[in-house]
Amino acid sequence: MSQAQQKTGRPEAGPPAVNGLDRFFRITERGSTFGRELRGGLATFFTMAYILVLNPLVLGGAEDKFGERLDPVQLTTATALVAAVMTIVMGVGGNLPLALAAGLGLNAVVAFQIAPLMSWDDAMGLIVLEGLLICLLVVTGLREAVMHAIPQPLKQAISVGIGLFIALIGFVDAGFVSRIPDAAGTTVPVQLGSTGTLTGWPMLVFCLGVLLTVGLLARRVRGAILVSILVMTLVAVVINALADVRTWGLTTPEWPDRIVDAPDFGLLGEFSLFGAFGQAGVVTVALLVFTLILSDFFDTMGTVVGVSAEAGLLDERGRVPNLGRVLLIDGAAAVAGGASSASSATSYIESAAGVGEGARTGFANLVTGSLFGLALFLTPLLTVVPLQAAAPALVAVGFLMMTQVKYIEWDRYEIAVPAFLTIAVMPFTYSITNGIGAGFVAYVVIKTVLGRAKEVHWLLWGTSALFVVYFAIDPIEQVLGVK
């Protein structure tokens, strides 16, 4: 294998394709098989199926300016529909194993920051507007140009940071790590378990799941991640039936009273594209849209780069295949999410679980998208998997992505410091965007201090300036009198 291939993890060209479907998705060419794609699609679905429960909880638990709430059943339908359609579109159009669904963080912004200022229709119209503006950035080539302007070491740092971030997501989702309440009077922000110790049967399921997953990976067992999810789900179902378990969190591993549940499409099309301007004012709306665009823009950038790097799909210059189409589809997903009242849909870093299972093409998305499609009717059955059974996959994938840290030149401070900040800020602030912003700003500052400002691409100067505004948004809003 060449040095370039070693640094990007790219597979060598495989044997000729066996059929038309293989040729279209380039499955054999990318060193994959239909079996791996199937397992990858299943693994990705099970690690992100929680969104079917969590998104309705976040959006349905908030009120708009007029005291109105969104219907949870309709939100579940909208969430599953957008995830199904846009994941399949990404698979066919972008040919990457990159699933999409309502973005966590973005939905919280909509629920608790935007909706209190206007009606739900107006809030979702802002999401549609944000998505259209992102699509415009893609069409003009600006979004793709920004990604190409990022130095390769920073792309590697983004992948490593996402690895730590996704592992932390797994630990938090399972309850292995929890926030210490402010009332505790301590400066320590997080702790082991909910009380400083590991307690309860669900925690045992998670710990055994982590050990099972890493053990199967070490043994090079095919389908290690998927096998672990299925085995620990069965264990959780048995434990739940025999033991007195107080709570499993969002999903309980028990056989549902009914398997089929009729979808309710009542929220589709319920948005007002420009109504927010009349409710909140031009300046406020402009700042809200800016925040949404920047967060969505760079969250997606980090996810696309991280997942593609882990799959070994980056070329010798660190570029993502079919990047223009991938970014356009992601922008269209934001539009679809707003138009269906499911909040902005975006690429999911949990897709790395499918990559860890062997997925390398968009065929895996057909599997994941189809399962979200089934969830429109089989939500009670498909949400049997508890987070404690799925989260070990995220921890294992975090390890796999972390291995790219060896490619960063730690003896060069102009690379090492921005890389470190990118890697550290992502998990510590629970945000891919924040990590990318910290790395960009540090890279520009250090290059300037060293008298090598001309080496910095002009797009990095521009995006770094935007990140300065992003990080200073609160004092800027105060100066403008928005707050």
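A salt bridge links Glu414 with Arg452: at least one charged nitrogen is closer than 4.0 Å to a carboxylate oxygen. Between Arg143 and Asp330 there is a salt bridge, since a side-chain N of the basic residue sits under 4.0 Å from a carboxylate O of the acidic one.
Checking Thr463, Asn434, Thr433 one by one against Tyr470, the side chain to side chain donor-acceptor pair (under 3.5 Å) holds for a single residue, Asn434. With respect to Val444, the side-chain contact (heavy atoms from CB on, under 4.5 Å) criterion is satisfied by exactly one of Val441, Thr448, Ile446: Thr448.
Inspection of the Thr197 and Thr199 side chains reveals no N or O donor paired with an N or O acceptor under 3.5 Å. A donor-acceptor contact closer than 3.5 angstrom is absent between the side chains of Glu310 and Ser159. No side-chain N or O of Thr346 forms a donor-acceptor pair with one of Asp299 less than 3.5 Å apart. Judged by distance alone, the side chains of Asn322 and Asn95 never bring a donor and an acceptor atom under 3.5 Å apart.
Judged by distance alone, the side chain of Thr403 and the main-chain N or O of Leu400 form a donor-acceptor pair under 3.5 Å. Within the 3.5 Å criterion, the main-chain N or O of Gly175 finds no donor-acceptor partner in the side chain of Ser178. Side-chain N or O atoms of Glu357 include none that pairs as donor or acceptor with a backbone N or O of Arg39 at under 3.5 Å. Without hydrogens or angle criteria, Thr300 side chain to Phe297 main chain gives no donor-acceptor distance under 3.5 Å. Between the side chain of Glu37 and the main chain of Thr361, a donor-acceptor pair closer than 3.5 Å is present. Using a distance-only test at 3.5 Å, with no hydrogens or angles considered, no donor-acceptor pair links the side chain of Arg360 to the main chain of Arg30.
In this structure, Leu136 and Leu132 have side chains that are not in contact, with every pair of non-hydrogen atoms separated by 4.5 Å or more.
Between Met90 and Leu98, the shortest heavy-atom contact is CG-O, 3.3 Å. Contact detail for Ala102 and Ala342: the closest heavy-atom pair is CB-O, 3.3 Å. Across all non-hydrogen atoms, the minimal contact from Ser343 to Ile127 is C-CG2, 4.1 Å.
Ring geometry for Phe25 against Phe363 counts as perpendicular: the plane angle is over 60°, on a 0 to 90° scale with 30° as the lower cut. Ring geometry for Phe467 versus Phe440: interplanar angle over 60°, hence perpendicular rather than tilted (30 to 60°). Ring orientation note: the planes of Phe206 and Phe171 are nearly perpendicular, at an angle over 60° on the 30°/60° scale.
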Show every donor-acceptor pair shorter than 3.5 Å between a side-chain atom in residues 210-218 and any protein atom, with sequence neighbours excluded, or say none if there are none.
{"residue": "Thr213", "atom": "OG1", "partner": "Gly209", "partner atom": "O", "Å": "2.7"}
{"residue": "Thr213", "atom": "OG1", "partner": "Ser228", "partner atom": "OG", "Å": "2.6"}

